[in-house]
Amino acid sequence: MEYYHNPGKALEIEVAGERYLRHGIRTHFVEVGEDYLDLFRRYVVPVYRPGDWVAVSEKVAALCQGRVIHRQEIQVTWLARLLAKCVRQTPAGPGMGLPVKMQFALDQEGRARVLWAALRAGLDKLRGIHGTFYRLLGPEVRGLDGFYGEDIPAYADLGIRIPAEPDLLCDQVYEKTGVQSYIVDANGLGVELMGKSSGITAPETWLTEVIRDNPAGQEEQMTPFILVRRLRDVG
């Protein structure tokens, strides 16, 4: 088997004294409403071995579930535009600095909660603490992707929400395909575990550390599945 890694990403990584390979499984460009299990059967099962783990981009899981929102569904208000101007852009992208994303936060969490989070974030920023706004508003706001076409033009007018019931989704994958998988939100700021199959006993810190540099990439690499294999199991 020939192992693939994206340019600028290492094929091997060492975690807790052991080395692992991270094979990027290349797919077609996944569209909204595709069959998630079919993607596993088509791309993952042919290269998977018992003892492997597969880290999955939350974007692909959400797209298959139809967890998307279109720009025309959101009516951006003056408040969203005002609050968006106060957001600091990070290496992960503009985030809530996009008025359409800020409006999603207002619609999802309510004006009072968003204003409270913005106030707290402003106070924390004076103390050198960042990320308060996203932390207080929770995973739906923190995990909203898309509405940004510079990296992937197809997502310029499409917002991608977090997957629904990610633990259950991973268990269904294992039941139907035998693949142990976990779903992550990985970007330039770090990796967040969203869900995993119940058969995975590795701690959360290991699951995120083994893909800490986001080997799947952030643009159009089309490697939403990262197969993790112990180097000593390669042969």
Side-chain angles (χ1 to χ4, degrees), residues 1-6 9 11 20-70 73 139-140 143-149 151-187 191-202 207-208 210-211 214-229 233-234:
M1 172 179 169
E2 183 176 351
Y3 295 94
Y4 173 83
H5 62 98
N6 285 310
K9 305 294 183 179
L11 176 61
Y20 299 87
L21 292 177
R22 291 99 49 83
H23 169 57
I25 300 177
R26 306 185 76 173
T27 70
H28 64 280
F29 188 81
V30 178
E31 303 280 358
V32 179
E34 292 200 37
D35 189 315
Y36 191 61
L37 289 174
D38 183 63
L39 294 178
F40 271 85
R41 294 187 181 105
R42 181 175 175 184
Y43 294 109
V44 180
V45 170
V47 297
Y48 181 86
R49 299 176 186 169
D52 293 341
W53 300 266
V54 175
V56 184
S57 164
E58 96 293 349
K59 191 183 285 94
V60 163
L63 285 168
C64 291
Q65 291 180 325
R67 294 270 294 167
V68 300
I69 185 167
H70 298 273
E73 298 176 52
E140 279 285 356
L144 181 67
D145 212 337
F147 287 134
Y148 187 60
D151 294 334
I152 304 178
Y155 298 155
D157 296 309
L158 186 70
I160 306 170
R161 303 178 66 177
I162 62 174
E165 301 184 281
D167 289 326
L168 177 61
L169 189 60
C170 292
D171 280 337
Q172 290 173 340
V173 167
Y174 178 71
E175 180 184 346
K176 299 296 183 180
T177 69
V179 174
Q180 298 280 15
S181 66
Y182 62 104
I183 298 172
V184 296
D185 181 4
N187 54 48
V191 182
E192 179 179 356
L193 177 67
M194 308 201 78
K196 64 183 181 69
S197 58
S198 54
I200 293 180
T201 58
L207 294 172
T208 55
V210 78
I211 56 166
N214 188 18
Q218 281 297 105
E219 300 179 1
E220 290 187 280
Q221 289 88 351
M222 290 188 289
T223 51
F225 302 109
I226 300 295
L227 182 138
V228 180
R229 177 172 293 165
D233 292 339
V234 175

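When all heavy atoms are compared, the tightest approach of Met194 to Ile162 is CE-CG2, 3.5 Å. Of all the heavy atoms in Asn6 and Pro215, the pair that sits closest is ND2-O, 2.9 Å. Across Ser197 and Cys170, no two heavy atoms sit closer than the pair N-CB, 3.3 Å. When every heavy atom of Ala202 is checked against every heavy atom of Leu207, the shortest pair comes out as O-CD1, 3.9 Å. Looking at every heavy atom in both residues, Lys196 comes nearest to Ile200 through NZ-O, 2.9 Å. Of all heavy-atom pairs spanning Arg67 and Pro163, the tightest one is NE-C, 4.3 Å.
For Tyr148, the ring pair (Phe, Tyr, Trp, His ring centres under 6.0 Å) criterion is met by no residue, not counting sequence neighbours. Not counting sequence neighbours, Asp185 has no partner by the salt bridge (charged side-chain N to carboxylate O under 4.0 Å, His left out) test. Evaluation of the salt bridge (charged side-chain N to carboxylate O under 4.0 Å, His left out) rule for Asp157 yields Arg71 as partners, not counting sequence neighbours. Partners of Glu175 under the side chain to side chain contact (heavy atoms under 4.5 Å, CB included) rule, at least two apart in sequence or in another chain, do not exist in this structure. Shown here are the side-chain hydrogen bond (donor to acceptor under 3.5 Å, both in side chains) partners of Glu192, two or more places apart in sequence or in another chain: Arg142. Residues passing the ring pair (Phe, Tyr, Trp, His ring centres under 6.0 Å) test with His5, sequence neighbours excluded: none. Evaluation of the salt bridge (charged side-chain N to carboxylate O under 4.0 Å, His left out) rule for Glu34 yields no partner, not counting sequence neighbours. Legend: residues meeting ring pair (Phe, Tyr, Trp, His ring centres under 6.0 Å) with Tyr48, ordered by chain and number and at least two apart, are absent. Checked against ring pair (Phe, Tyr, Trp, His ring centres under 6.0 Å), Phe40 has the following partners two or more places apart in sequence or in another chain: Tyr36, Phe225.
Within the structure, the side chain to side chain donor-acceptor pair (under 3.5 Å) test picks out the following pairs touching residues 158-172 (sequence neighbours left out): Gln108-Arg161, Glu140-Arg161, Asp171-Ser198. Sorted by first and then second residue, the ring pair (Phe, Tyr, Trp, His ring centres under 6.0 Å) pairs involving residues 155-186 (not counting sequence neighbours) are Phe29-Tyr155. Applying the salt bridge (charged side-chain N to carboxylate O under 4.0 Å, His left out) definition to pairs two or more places apart or across chains, those involving residues 21-31 are Arg22-Asp213.
In this structure, the side chains of Leu39 and Thr27 stay at 4.5 Å or more apart for every pair of heavy atoms. Residues His23 and Arg229 fail the side-chain proximity criterion, which asks for heavy atoms closer than 4.5 Å. Proximity of Leu158 to Val32: side-chain heavy atoms (C-beta onward) are separated by under 4.5 Å at one or more points.
Distance check: Leu169 CG to Ser181 OG gives 7.0 Å after rounding to the nearest 0.5 Å. Considering OH of Tyr20 and CG of Leu227, their distance stands at 13.0 Å, rounded to 0.5 Å. Note: Asp145 CG to Ser57 OG = 7.5 Å, rounded to the nearest 0.5 Å. To the nearest 0.5 Å, atoms CD (Glu58) and CG (Leu63) are separated by 9.0 Å. Of the inter-residue distances, the one linking Thr223 atom OG1 with Ile25 atom CD1 reads 9.5 Å to the nearest 0.5 angstrom.
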